[in-house]
Structures are given as structure tokens and as C-alpha cells.
Chemist: 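If you scroll down you'll find the structure; I have some questions about it.
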2 protein chains.
Amino acid sequence: MSQLNIEDIARLAGVSRSTVSRVLNDHPSVRPAVRDRVWQVINEHGYAPQAAARHLVTQRTRIIGVLFPRSDNFLLANPIFASIGQGIGRACAQRGYIAMLSLSLRDMEQKVLLDMLRSRHFDGIVLVSSEQNDPMPLFLKQARIPYTRIGYDPEQEDPHYVAIDEVEAAYKAVKHLIALGHKRIGIIQGPAWEACTPARYNGYKKAMEEAGLPIDPELVEEGDWTHTSGNDAMRQLLYLKRPPTAVFATNDMMAAGALHALYERGLRVPEDMAIVGFDDVPQTIVVIPPLTTIRQPSIEMGMRATEMLIDLLEGKEGQPSHIILPTTLVVRQSCGAKPQHIQFPQKRQESASLDGH
Amino acid sequence: MSQLNIEDIARLAGVSRSTVSRVLNDHPSVRPAVRDRVWQVINEHGYAPQAAARHLVTQRTRIIGVLFPRSDNFLLANPIFASIGQGIGRACAQRGYIAMLSLSLRDMEQKVLLDMLRSRHFDGIVLVSSEQNDPMPLFLKQARIPYTRIGYDPEQEDPHYVAIDEVEAAYKAVKHLIALGHKRIGIIQGPAWEACTPARYNGYKKAMEEAGLPIDPELVEEGDWTHTSGNDAMRQLLYLKRPPTAVFATNDMMAAGALHALYERGLRVPEDMAIVGFDDVPQTIVVIPPLTTIRQPSIEMGMRATEMLIDLLEGKEGQPSHIILPTTLVVRQSCGAKPQHIQFPQKRQESASLDGH
DNA sequence: TTGTAAGCGTTATCAC
DNA sequence: GTGATAACGCTTACAA
């Protein structure tokens, strides 16, 4: 902490503090010679204006708060948040803002968290949440804190959000399985309190109904996004008298867990069971076999939500706006071509041929 | 943003702003009746004191900055950072601080980052870095910003750090392999610019030498901590005329990548090749087979470094202090008991029996 | 183009 | 136990 303040710099440069302030803020009306001299003094002493004083007078911080759901283990549970965060950070950097993420929100008391938001640390919030009836949007509205949301909750209708068409995305995934000839298709869903869960289920249902396939409630499992829960869900499906020949997991981590369960049972993918995931996180290609999945443009989602927020803050755009970004089916190796009847239980043989060399 | 300030609250409660301030700061000398009335007004209006004003006058923010290396993909590359972050956040919450992480440091210009640090957003910094000659500590010292470091660089001798005994930890890992009878042991190291890389290599060397085993330079590979690089490194080792029978990977992600390479080649773990990892991240038990690894107490490392920093900030402890936390060998299933001569190339059979049901 | 001075919303030091 | 009042370090009219 260089103890110098703007006054000191002014004195050292032989100008007034207004001039130093102008230099600092790139105000045009400063003589080049003066400007250079001031910068030199500033750099010489490693001076930087104190954020608090600046924030107090401008009433803006140029800091954007990022709220992730259950922040302290989101990193562990689902790498898609990392990509979203990356997009948020990148957009902030481009526009001269700083994205700040508070660690371990779960360990903070509710009141502490709310007070933090109310105390104007942040100019605005990017809320990453597809939780149904998440209380946060309501709070932010009441506290008149500008925010944009990544994720869509039909119950809340946030004025500014970016999302994907969940129904259509899930529909594409299941349709892919159907096109490959599968008729008995299971689904491993996310938790019920996520708004995207019923939406993705509806996509599944739509594809099934359209193909004239029945939906067997036995084939509907629920996980909590984690690898472990995907593993458990797949085990349940394998216990069935008539297991599915294909499974749609509504995120990649659960899909990976499902793969794991199949491996443990000596079943081959895609020969014995086809799997489609959702998200297209990096891990998806690292798993064996690489996952066919629905790609969410997560980095772009982060960027768009952030740009939308900054536009809002800078008054460029006051109207409500909803951005729906496109998803794509990424075909890799976990679905193969033709389904076979499952032989169960069965040990794996020659599985090394799955991925040649 | 409730536009109210402390003055407004004072007026509404029929007191002076000093009294409101006392209430806000839990100052004892306020009559209970008055205190209650003030709180009621505060809560009624959702008032929270503006951080900037408070920071300006107190010259403290109660915010701790967290610096991760190459912050924007640290999440993706190595989940151990998530655990460390969790520890930092938890300790902050306990002591009434907020841990803030700036997203996407890589996208910020260097000057912007340094100015952010200099502008006193943070009371102090927890620096997570084992990079050799990381320039950040030097900068922080010059700018007189209090910091503690997680990770140790013998070249820098930071006054406050928490770390593990890297040499001993690696030694334990390799010794475990030796005890199982392995003689030809490879190592997949981290990048050379990490201070822990030579240290872990030294542990490997020590164990080998102690057992009278030669170190074959062919068996020394370098990765960059990622799954992919571990995969590549293992492939290299498998190309050798005389591949190792066991490999020590200096983090779990690379170990998982190595597992992947073995799987692709149809080799069994631990029958054909034993693997030890390092870190003990959650993914370690999710991989097949679950990894034997060296456990770093990552959450505790985050907590201890944070507590140390806060003690420093609150003047409880000015002396340099170094905390070395213990590591433990966690034996799971990737090393097995007795090594066999590798039959190469060979297809996997009956691997399903690896993990029964 | 530059300087003077007011004010941002708190806390803290005094009196009372 | 309570209330004036002076900082804190900046930005920003307004004057010069």
C-alpha cells in the first residue's frame, strides 16, 4: 500500500489534484506535457487511486457480481459453470469491468449475503440459475439491483435473461436415439427443483410421442447433476427386467456416471447401450467412449448475459430482453448406429476394440 | 438500490446518524430500546450501509482477494483449486470476511490487474501459486499488500505460506510402488516452471536411489497437469521397448489421463500397470479403477492460509510463519499387490471383474 | 487548460 | 448514552 494519495501525486507533479484526476480518467483537456509528467510521477510511485473513494463519489464500482447456485461446490459438480464464468469474465474485461465471484456463499449467513448485495459492492449481478422460483431474482428486484439471468424460469419471467430452448434441445437428443432405431429409451433427469428439468423432460416426451413410443415411468430416473448420481441412476435402470437400450442423461456428468455404471457391469457403449449427454463440457471427450451430447454455448451465454447487463448499466438498453441461444447435437461415439438387444447380465469381452489404438 | 442513507434512517428513527452507526457496528453504548427501534427502521427499508463510504473511512474492506494461477481455466484443469477455494471461503466466512475471486484474470491486461490490487479493493491476498519465481509475490511486497501463499517456492521464501512437504509426499508414493515389487517405475511430472515439479521429482529420485533402482530418463515424462497431457505421456511410455510396470503421476488428472491411455490400449490396471496419483481430488474415486494417490489436505490448506492472512491483518501475528501440512498415502485400487511383466500389446479380457457388481 | 471547492456516505472523536 | 463535526480520498461543477 503506497500511502500516497492524489494530493501527494499532485504536489510531486506540480499540479492540482483535479489535473491528476483528469489524467487518471483520460479527460481530454490536459496539456500533453502535463499529462506525461503526471503519468511519470504516478508510475514512479506505483500510485493507483483508491477504489473506495472513487466509488463513493461516482456511485459506481465497475464491478459485476457473479452469483452461482450453491457456489462452493458448483465447481466440483458441473464444469459448465466454469465455462459460463469464463464468458462472463471475458465480456467484463472487454468492457472495462471486473467480474467478482464470492467464494463459498454457502458458508455465509443469508443476511450477510444479502447485505453484501445491498451495500453496492457491485454495479450489477449476473445470476446463474435455472432454479425454479429461485428467491434471488425477487430479492434483486426489491433491492433494485440490476441483474441479468443465465437460465430461464417460466414461473418468474425475469426481464433480462439468456437461455436455450430446453425443450427443443432435449427433443433433438432423444430424436437422435430414435433415429438410430431405439425404442426403449430411458432418461436420467436433473433435480426436480431446476426449471430446466421439466422442460427437458418435455422434450423427451415430445420426441417419444411423436415417434409413437410409450413412456415407461420405470425408465425415468432422477439425479442431482453429479457423476455419482448418474452412476446410481444407471444402476437402477440396469436392475430392471427390461432395461432401456438407450439413455438420455440431462447433463454430461451424469452421462459419465452412467458410462461408469455400464463399464462396471461389463456392458459396452454403444453396442449394449447408447448414451446421449447434455452440455458438452470438456470432459465429454475424455470419457470412454467420447459422448454424443447436446452442446450449450456456455461461454457465449456468459458473455451475452454480461454484455446485456453492462448495456443495462450504461443505459444503452432499458427494455426487457430475452436471448435464446442455439444448441447443437454433437455426435461422437456413445450412440453408434444400430441398437442391439441387451444381453443381461453379461461380461465385457474385447472391449478394447471400442477405441482401436 | 434503496436510495436511503444513514441520515435518512436516523431521521426516520428519530436519532442522530452517530447512533445509527453505533447500532450498525454493534457498539455497546446504545439503549436497547433505541437499538431495537433503529434496527426496525433499517429492516423495514432494507437499508445496508454503502460499502464504499465505509471502506473510505475505515481504510479496510474486509474483503480478501484470491489469486489463482491462470485463473480462467484453473477450474477446468485441476479440481484441487476448487477445494482450496472452498477452504478459503469457509475461513473467511468464519472470521467475517468475504473472499472474492476475480474471474478471467487472463483476459485482463497486466496493468489493469495490478491497478486493481493496488487500489485497495482487498485487505489482503491469498495467492495460490507454486510457480517458480512467480512475479506476483514480489509485486505484492513492493506494493505492501499483505498476502499469504499456498505453495512454496524455495527461490522466493515468502514470509507467510502454507505448503506440504513435496519431496516426502512423492517419496511416499514411489516407495509404495517399490514395496509392491515394482522396479521399473515411470514418472509423469508437472510443468517445469512449477516449483513443486523438481521437488516431487526429488522425492521420486530419493525413493528409487534408496531402493538401489536406476532412474531411466526414458521413463520421465512431462505433462501440464491436464488429463490430456497425462494421456499423451502414458502413450509415450507405452511406445517404449521396455515400458515401466508402474507410473507415478504427479497429479490426479494426469493419472486419470494415463488410465485412459491404458484402457485404450487394452491394458489392465493394476494388473498390467500400477498407477499412483497426487492430490486426491474427488474425481479420483470415480475413475476406474479408483486411484491410489497422495492426499493433499487442500481444504485445510485454504483455511490455514486464510486464517494466517487474517491474523496478519488484525495484527495478531506479525512474524513470518510457514505451515507444512501433512500428506497421506490413500491406497485404493490402482496399484494392486504384485506387479506382473507387461505383455504388450495385449487386449483386455474379463476386466469387468475389476469391480465386481 | 487549470485550480478551487463542494460533496459522496460513512466512522470516529469529541463534547455534553 | 447521545449528538455535532471533522475526516477519509476521490470526482466534478464552476471559476479563472
Side-chain angles (χ1 to χ4, degrees), chain A residues 1-39 41-42 45-63 96 115-116 118-123 143, chain B residues 1-39 41-42 45-63 96 115-116 118-123 143:
Chain A
M1 305 198 197
S2 38
Q3 306 295 14
L4 298 177
N5 62 20
I6 198 173
E7 186 82 51
D8 300 319
I9 299 298
R11 197 179 321 111
L12 289 163
V15 295
S16 73
R17 41 173 206 268
S18 336
T19 299
V20 177
S21 178
R22 288 188 192 99
V23 170
L24 248 14
N25 295 287
D26 275 329
H27 190 100
S29 60
V30 178
R31 280 212 331 269
V34 175
R35 177 184 305 276
D36 292 348
R37 180 155 39 94
V38 171
W39 268 124
V41 176
I42 288 173
H45 293 81
Y47 167 79
Q50 194 168 310
R54 184 174 257 187
H55 296 168
L56 179 57
V57 61
T58 60
Q59 292 294 70
R60 308 187 319 103
T61 64
R62 298 190 80 84
I63 298 177
D115 279 348
M116 175 174 84
R118 275 193 281 241
S119 57
R120 316 238 230 312
H121 277 105
F122 311 115
D123 286 351
Chain B
M1 305 200 196
S2 37
Q3 306 295 13
L4 298 178
N5 63 20
I6 198 173
E7 187 81 53
D8 300 318
I9 298 298
R11 197 178 322 110
L12 289 163
V15 295
S16 73
R17 47 173 202 267
S18 323
T19 299
V20 178
S21 178
R22 287 190 192 97
V23 170
L24 248 14
N25 294 287
D26 275 330
H27 191 99
S29 58
V30 178
R31 279 208 336 266
V34 175
R35 177 183 305 275
D36 292 347
R37 180 155 38 93
V38 171
W39 268 124
V41 175
I42 288 173
H45 294 80
Y47 166 79
Q50 193 169 312
R54 185 175 255 188
H55 296 168
L56 179 58
V57 61
T58 60
Q59 293 294 70
R60 309 186 320 102
T61 64
R62 296 190 82 84
I63 298 177
D115 280 347
M116 174 173 86
R118 276 194 281 240
S119 57
R120 315 236 230 316
H121 276 105
F122 311 115
D123 286 351

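Quick note on labels: first sequence line is chain A, next is B, and so on, each numbered from 1. Any value given below was found using the heavy atoms of this structure, including those in side chains, with hydrogens, waters and symmetry copies removed.
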Chemist: Rounded to the nearest Å, what distance is computed from the CD atom of residue A/Glu7 to the P atom of nucleotide C/dT4?
Modeler: 10 Å
Chemist: Could you tell me how far apart A/His55 (NE2) and D/dG9 (P) are, to the nearest whole angstrom?
Modeler: 15 Å
Chemist: Name the residue closer to the 5' end of DNA chain D, choosing between B/Val30 and A/Pro49 according to the nucleotide with the nearest heavy atom.
Modeler: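 Counting from the 5' end, the first nearest nucleotide belongs to B/Val30.
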Chemist: Is any side-chain heavy atom of B/Arg31 closer than 4.5 Å to a side-chain heavy atom of B/Thr19?
Modeler: no
Chemist: Nearest to the A/Arg31 side chain among C/dT2, C/dC8, C/dT11, which nucleotide is it?
Modeler: C/dT2
Chemist: How far apart are the closest heavy atoms of A/Asp123 and A/Arg62, and which atoms are they?
Modeler: OD2-N, 2.8 Å
Chemist: With side chains defined as the heavy atoms from C-beta onward, is the minimum distance between B/Val30 and B/Val15 less than 4.5 Å?
Modeler: no
Chemist: Among D/dC8, C/dT11, D/dT2, find the nucleotide with the atom closest to the side chain of B/Gln59.
Modeler: D/dC8
Chemist: With sequence neighbours excluded, what pairs up with A/Arg37 under the salt bridge (charged side-chain N to carboxylate O under 4.0 Å, His left out) test?
Modeler: none
Chemist: Please report the distance, rounded to the nearest Å, between CZ in A/Arg11 and P in C/dG3.
Modeler: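 Atom-to-atom, A/Arg11 to C/dG3, this comes out as 14 Å.
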Chemist: Could you state the atom-to-atom distance from CD of B/Gln3 to C1' of C/dG9 in whole Å?
Modeler: 13 Å
Chemist: Measure the distance from CZ on B/Arg35 to P on D/dT2 and round it to the nearest whole Å.
Modeler: 9 Å
Chemist: How many whole angstroms separate atom CG of A/Leu56 from atom P of D/dC8?
Modeler: 14 Å
Chemist: Can you give me the closest heavy-atom contact between B/Ala52 and A/Leu56, atom names plus distance?
Modeler: CB-N, 3.7 Å
Chemist: Take atom CZ of B/Arg60 and atom C1' of D/dC8, then tell me their distance rounded to the nearest Å.
Modeler: 14 Å
Chemist: Please check the phosphate of C/dT10 (OP1 and OP2 only) for any side-chain N or O of B/Tyr47 closer than 4.0 Å.
Modeler: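 Yes.
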Chemist: List the atom of A/Gln3, the atom of B/Arg120, and the distance in Å for their closest heavy-atom pair.
Modeler: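 Of all heavy-atom pairs spanning A/Gln3 and B/Arg120, the closest is OE1-NH2, 4.3 Å.
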Chemist: Which atom names give the shortest non-hydrogen contact between A/Val38 and A/Ala13, and what distance separates them?
Modeler: CG2-CB, 4.1 Å
Chemist: Provide, to the nearest angstrom, the distance between the NE2 atom belonging to B/His121 and the C1' atom belonging to D/dC10.
Modeler: 13 Å
Chemist: If you look at every strand shown and take non-hydrogen atoms under 4.0 Å, does A/Ser29 touch a base, only sugar-phosphate, or nothing?
Modeler: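 Answer is base: heavy atoms of A/Ser29 come under 4.0 Å of a base.
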Chemist: Tell me, which of residues 16-28 of chain A have any heavy atom that sits under 4.0 Å from an atom in DNA chain C?
Modeler: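 Close to the strand are A/Ser16, A/Arg17, A/Ser18, A/Thr19, A/Arg22.
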Chemist: State which of C/dT11, D/dT2, D/dC10 makes the closest approach to the side chain of B/Val57.
Modeler: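 Output: C/dT11.
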